[in-house]
Amino acid sequence: DGGITQSPKYLFRKEGQNVTLSCEQNLNHDAMYWYRQDPGQGLRLIYYSQIVNDFQKGDIAEGYSVSREKKESFPLTVTSAQKNPTAFYLCASSMASEFLFEQYFGPGTRLTVT
Amino acid sequence: GDSVTQMEGPVTLSEEAFLTINCTYTATGYPSLFWYVQYPGEGLQLLLKATKADDKGSNKGFEATYRKETTSFHLEKGSVQVSDSAVYFCALKDRGSTLGRLYFGRGTQLTVWP
């Protein structure tokens with residue numbers, strides 16, 4: 001089955017630690033995205049990548065970092081510089097085609113930092 | 001810049017009631033419009049989309065018509081079911097942009113009672 005996997009589903013960390021969230025897709029999509037979801041705020045874009053070895057900051061990139069070394073993988077690191085890291089994180093991917101465009105989402109990772 | 005405004009929730013309905021969730025947008029280009037649905041604890045799923053003015057997207061009894069003159073894309077369903085309880089997100093993609101990012105509204109929580 002084609003799709004996006006995110007692991008783990010729940011993640012707990014102590015304040016001051018970096019943590020990396022995994023995102024893998026087997027849809028052969030060129031573009032991948034990371035969103036953060038907080039209650040009542042919708043989805044906010046953290047980073048996105050349209051091709052391997054290239055990525056752009058979204059609206060709330062501070063305190064986060066990404067890499068895109070392989071087409072199917074787009075891991076997100078939440079660094080200790082992120083002031084409010086507790087949130088639900090969603091990864092997505094899409095084709096580059098304008099008319100076939102659709103973003104597919106993974107099941108999400110809920111990160112709790114205490 | 002591009003943005004989406006959707007009606008605030010929560011929306012509570014009885015089973016078989018008529019549903020409308022309002023969505024209006026602002027775009028610098030000529031956008032494609034989407035409705036996504038999120039069930040508890042899950043990622044987002046595409047519900048329907050429309051890529052040009054007067055297009056009607058439809059799926060699972062839900063419909064939305066792309067109205068360029070009113071910059072709107074309201075979601076409707078004639079008879080809701082308990083299983084429709086979820087959070088609904090309106091989103092746009094600027095077709096004039098080569099970047100694949102989506103702009104999301106804040107989401108509307110729908111609860112349907114039997």
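Naming: A, B, ... by sequence-line order, numbering from 1 per chain.
Distance check: A:E102 CD to B:L102 CG gives 10.0 Å after rounding to the nearest 0.5 Å. For the atom pair CD of A:Q103 and OH of B:Y36, the computed distance is 5.5 Å after rounding to the nearest 0.5 Å. Taken to the nearest 0.5 Å, the NZ atom of B:K93 stands 8.0 Å off from the OG atom of A:S94. Here the CG-OH distance, from B:L44 to A:Y35, works out to 9.0 Å after rounding to the nearest 0.5 Å. Between the OH atom in B:Y103 and the CG atom in A:L43 there is a gap of 14.0 Å [rounded to 0.5 Å].
Residues A:Y104 and B:L46 fall into different hydrophobic clusters, defined by Ile, Leu, Val, Met, Phe, Trp and Tyr side chains chained together at heavy-atom separations under 4.5 Å. Note on B:F73: it clusters hydrophobically with B:L47, by side-chain heavy-atom contacts below 4.5 Å among ILVMFWY residues. In the hydrophobic clustering of ILVMFWY residues, with side-chain heavy atoms under 4.5 Å counting as a link, B:V4 and B:L33 come out together. When hydrophobic clusters are built by joining Ile, Leu, Val, Met, Phe, Trp and Tyr residues whose side-chain heavy atoms come closer than 4.5 Å, directly or via intermediates, A:Y33 is not grouped with A:Y47. Following chains of ILVMFWY side-chain contacts shorter than 4.5 Å, one can reach B:F34 starting from A:Y48, so the two form part of one hydrophobic cluster.
Of the atoms belonging to A:L90, it is side-chain heavy atoms, and not backbone ones, that fall under 4.5 Å from chain B. Contact annotation for B:Q38: only side-chain heavy atoms (C-beta onward) come within less than 4.5 Å of a heavy atom of chain A.
Side-chain contact between B:F104 and A:Q37 is absent, with no heavy atoms from C-beta onward closer than 4.5 Å.
Ion pair A:D38/B:R106 not flagged as a salt bridge, since none of the NZ, NE, NH1 or NH2 atoms sits closer than 4.0 Å to an Asp/Glu carboxylate oxygen.
Between B:E42 and A:F88 the shortest heavy-atom distance is O-CE2, 3.7 Å.
Applying the 6.0 Å contact sphere to CD of A:Q41 captures more than 12 heavy atoms from other residues, nucleotides or ligands.
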Can you give each donor-acceptor pair under 3.5 Å made by side-chain atoms of residues 105-114 of chain A, sequence neighbours left out, with the distance rounded to 0.1 Å?
residue, atom, partner, partner atom, Å
A:T109, OG1, A:P8, O, 2.6

